[in-house]
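Predicted model, so just to flag it, every value in this text is computed and none were measured. Lettering follows sequence order; numbering is per chain, from 1.
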There are 2 protein chains.
Amino acid sequence: MVTIDKFSRTPVYEQIADGFCREVLCGLMPEGAQMPSVRELSVLLATNPNTVQKAYLELDRRGVISSAPGVGSFIRPGAADAIREGMKSRMSEITAIARELALAGIPEEEVLDCIRSAYRDPDQPKTEKE
Amino acid sequence: MVTIDKFSRTPVYEQIADGFCREVLCGLMPEGAQMPSVRELSVLLATNPNTVQKAYLELDRRGVISSAPGVGSFIRPGAADAIREGMKSRMSEITAIARELALAGIPEEEVLDCIRSAYRDPDQPKTEKE
DNA sequence: ATAACTGTACTAACCGCCATAGTACAGTTG
DNA sequence: CAACTGTACTATGGCGGTTAGTACAGTTAT
């Protein structure tokens with residue numbers, strides 16, 4: 001389920017949008033699946049309907065969902081591909097941070113290991129065991 | 001020289017602080033070097049003295065500079081190490097983004113190449129040639 | 001048609017962060 | 001004393017995020 005961190009710096013509406021993108025990528029929300037209604041989700045997340053609507057607007061802008069008054073919001077065909085495409089821009093973020101780390105003299109191997117560990121277990125950032 | 005991007009999302013005072021951190025790491029600002037005065041820098045950057053002071057406060061918080069009324073602000077001994085230490089937290093950012101990319105199915109090699117290219121030339125993000 | 005749902009639009013208000021402006025005070029240096 | 005330094009303070013404006021409340025339009029089921 002999508003969760004909200006009230007203390008995070010990233011806006012709530014963005015957390016919601018990102019959360020559903022993750023569910024789509026995981027296969028929890030297949031193409032054609034119906035999103036919870038704006039009002040329903042606002043109750044579940046203990047937030048404001050306007051904030052949820054803003055999240056849905058963002059998801060629509062990303063090509064993830066499609067909405068119709070009276071009907072509901074649904075996962076678009078090809079949503080996962082749209083998300084993947086948008087993801088590529090995030091690689092430049094990684095490059096930018098890596099450049100700073102390089103300048104700071106952090107060993108390249110340490111940073112590469114960050115990537116490797118992320119690919120080893122994409123879930124469960126905490127409480128990992130080996 | 002430290003420069004300001006008025007259209008960037010990151011606050012100006014943070015850009016200033018980050019900029020001087022970069023200069024320290026590059027060796028342009030060695031230990032004991034005197035920072036420009038608050039008022040002087042505010043003129044150079046065409047910004048407000050309060051904004052510069054906030055940047056200096058941030059640099060003090062990071063253990064990069066040390067200030068004294070009537071004297072000035074100076075690069076602390078061990079400033080580079082302090083910056084390096086703070087940098088390590090940024091590795092978790094990389095890990096978080098990499099996890100999303102992994103979930104999105106972006107090939108690991110592509111992400112690893114982001115790191116490698118960043119380490120190949122830490123400067124000049126654009127107009128690179130091979 | 002009515003009721004109950006859906007998305008959507010709009011205004012108003014509040015809050016926090018950032019930046020600016022102006023003033024003032026305290027310490028150091030010449 | 002004059003000229004610099006950092007520092008503190010209040011006030012203001014702007015922007016973005018969130019909440020609140022209301023309203024309208026479209027669909028679905030009864």
Side-chain angles (χ1 to χ4, degrees), chain A residues 2-21 24 29 31-77 79, chain B residues 2-21 24 29 31-77 79:
Chain A
V2 174
T3 56
I4 296 304
D5 178 10
K6 286 180 66 74
F7 302 111
S8 169
R9 308 184 164 188
T10 68
V12 172
Y13 79 93
E14 218 170 295
Q15 291 182 44
I16 298 173
D18 291 343
F20 278 102
C21 282
V24 168
M29 293 293 277
E31 297 182 359
Q34 181 165 15
M35 299 280 290
S37 81
V38 171
R39 292 169 180 82
E40 182 189 357
L41 187 58
S42 74
V43 173
L44 287 176
L45 298 181
T47 181
N48 193 280
N50 291 331
T51 304
V52 175
Q53 193 205 348
K54 198 169 182 180
Y56 279 23
L57 211 76
E58 172 67 16
L59 285 169
D60 180 275
R61 197 192 59 79
R62 296 186 192 178
V64 177
I65 68 173
S66 191
S67 305
V71 186
S73 299
F74 302 86
I75 305 295
R76 267 201 200 146
Chain B
V2 175
T3 56
I4 296 303
D5 178 9
K6 286 180 67 75
F7 302 110
S8 169
R9 309 181 163 190
T10 67
V12 172
Y13 81 93
E14 219 170 293
Q15 292 182 44
I16 297 174
D18 291 343
F20 277 103
C21 283
V24 168
M29 292 293 280
E31 297 182 0
Q34 183 165 13
M35 299 280 289
S37 82
V38 171
R39 292 170 180 81
E40 182 189 357
L41 187 58
S42 74
V43 174
L44 287 177
L45 298 180
T47 181
N48 194 281
N50 291 329
T51 304
V52 175
Q53 193 204 347
K54 197 169 182 181
Y56 280 22
L57 211 76
E58 173 67 16
L59 285 169
D60 181 277
R61 197 192 59 79
R62 295 186 193 177
V64 177
I65 69 173
S66 191
S67 305
V71 186
S73 299
F74 302 86
I75 304 296
R76 265 199 202 148

Grab the two heavy atoms, one from B:Glu31 and one from B:Ala79, that are nearest each other, plus how far apart they are. OE2-N, 4.5 Å
Where A:Gln15 and A:Thr10 come nearest, the two heavy atoms and their spacing: NE2-O, 2.8 Å
How many Å lie between CZ on A:Arg39 and P on C:dA4, as a whole number? 14 Å
Let me check something: any side-chain donor-acceptor pairs from residues 45-55 of chain B under 3.5 Å, sequence neighbours excluded? List them with distances.
unit_1	atom_1	unit_2	atom_2	d
B:Asn48	OD1	B:Asn50	N	2.8
B:Asn48	OD1	B:Asn50	ND2	3.4

What are the residues of residues 6-13 of chain B, sorted by number, that bring a heavy atom to within less than 4.0 Å of DNA chain D? none
Looking at A:Val64, A:Ile65, A:Leu59, which hits side-chain contact (heavy atoms from CB on, under 4.5 Å) with A:Val24? A:Val64
Which angle, to the nearest 10 degrees, lies between the helix axes at the two ends of the helix from C:dA1-D:dT30 to C:dG30-D:dC1, each defined by five pairs? 10°
Going through the checks in order, is the side chain to side chain contact (heavy atoms under 4.5 Å, CB included) test met by A:Val2 and A:Leu41? CA-CA 10 Å; A:Val2 174; A:Leu41 187 58; 5.9 Å; no
List the residues meeting salt bridge (Lys or Arg N to Asp or Glu O under 4.0 Å) with B:Arg61, not counting sequence neighbours, and say none if there are none. B:Glu58
Donor-acceptor contacts under 3.5 Å from residues 32-39 of chain A side chains, at least two apart:
unit_1	atom_1	unit_2	atom_2	d
A:Gln34	NE2	A:Val71	O	3.4
A:Ser37	OG	A:Glu40	N	3.0

side-chain contact (heavy atoms from CB on, under 4.5 Å) against A:Pro11, all qualifying residues, sequence neighbours excluded: A:Tyr13, A:Glu14
Between B:Gly70 and A:Gln15, just flag the one whose closest nucleotide in DNA chain D comes earlier from the 5' side. B:Gly70
Please work out which residues in residues 44-67 of chain A have a non-hydrogen atom less than 4.0 Å from an atom of DNA chain C and list them by number. A:Asn50, A:Gln53, A:Ser67
Could you pull out all residues at least two apart from B:Thr3 that satisfy side-chain hydrogen bond (donor to acceptor under 3.5 Å, both in side chains)? none
Could you tell me from which nucleotide to which nucleotide of DNA chain D, 5' to 3', there is an atom under 4.0 Å from chain A heavy atoms? D:dG17 to D:dT27
Taking salt bridge (charged side-chain N to carboxylate O under 4.0 Å, His left out) as the cut-off, I'd like each qualifying pair that reaches into residues 65-76 of chain B, sequence neighbours left out, listed once. B:Asp60-B:Arg76
